[in-house]
Amino acid sequence: MPTVFEEKIYLTLRKVPRDKVTTYGELARAVGTRAYRAVGNAMNKNPYAPAVPCHRVVCSDGRIGGFRSGVDKKISLLKKEGVQVKKGFVLDFEKKLFRF
DNA sequence: CTAATGACATTTG
DNA sequence: ACAAATGCCATTA
């Protein structure tokens, strides 16, 4: 069962547009915490998938990061939504990054 | 309750 | 500038 912390993360992540991405750090800040590490854990569980677009969450440096069912899957989804990815990196990261 | 873990981020060598 | 080490916070064993 999801904790309050996770719920907040999921709710916030839901606001991210289809052609944009966010980072674990930004996401954590958005909910008023610095637990970006814990955010990753929340994504790993993600009980509300695919309602919650956990694949739109990447590393702060533009790298794709990880994905429970394979990074390839994550990249594939992102590309399908208009986010180009190359060698595990998000193209135009600064532009694609969604700010709350 | 204490210890270990992780889909990260930042600071050091 | 790059790789390696250290720090972070909540969750789970």
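In what follows, chains carry the letters A, B, and so on, assigned in the order in which the sequence lines appear, proteins first and then strands, with residues in each chain numbered from 1.
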Group every Ile, Leu, Val, Met, Phe, Trp and Tyr by side-chain heavy-atom contacts under 4.5 Å, then state whether A/Tyr24 and A/Phe100 land in the same group. yes
Could you verify whether a donor N or O on one side chain and an acceptor N or O on the other, from A/Glu6 and A/Tyr48, lie under 3.5 Å apart? no
What I'd like to find out is whether the side chain of A/Thr23 reaches to under 4.5 Å of the side chain of A/Leu27, using heavy atoms alone. no
Please report the shortest heavy-atom distance between A/Asp61 and A/Phe93, naming the atom on each side. C-CE2, 4.2 Å
Describe the nucleic acid contact of A/Ala35 in one word from base, sugar-phosphate, nothing, applying a heavy-atom distance below 4.0 Å. sugar-phosphate
Is any side-chain heavy atom of A/Val90 closer than 4.5 Å to one of A/Arg63? no
I'd like to know whether NZ of A/Lys20 has more than 12 heavy-atom contacts from other residues, nucleotides or ligands below 6.0 angstrom. yes
Nucleic acid footprint by protein, nucleotides 7-13 of chain B - heavy-atom cut-off 4.0 Å, B for base, S for sugar-phosphate alone: BBSS---
Heavy-atom side-chain contact between A/Ile64 and A/Phe89 under 4.5 Å: no
Indicate yes or no: at least one non-hydrogen side-chain atom of A/His55 is less than 4.5 angstrom from one of A/Glu81. yes
For each nucleotide in nucleotides 1-6 of chain C, reading 5' to 3', give B when a protein heavy atom comes within less than 4.0 Å of its base, S when such contact involves only the sugar-phosphate, and - otherwise. ------
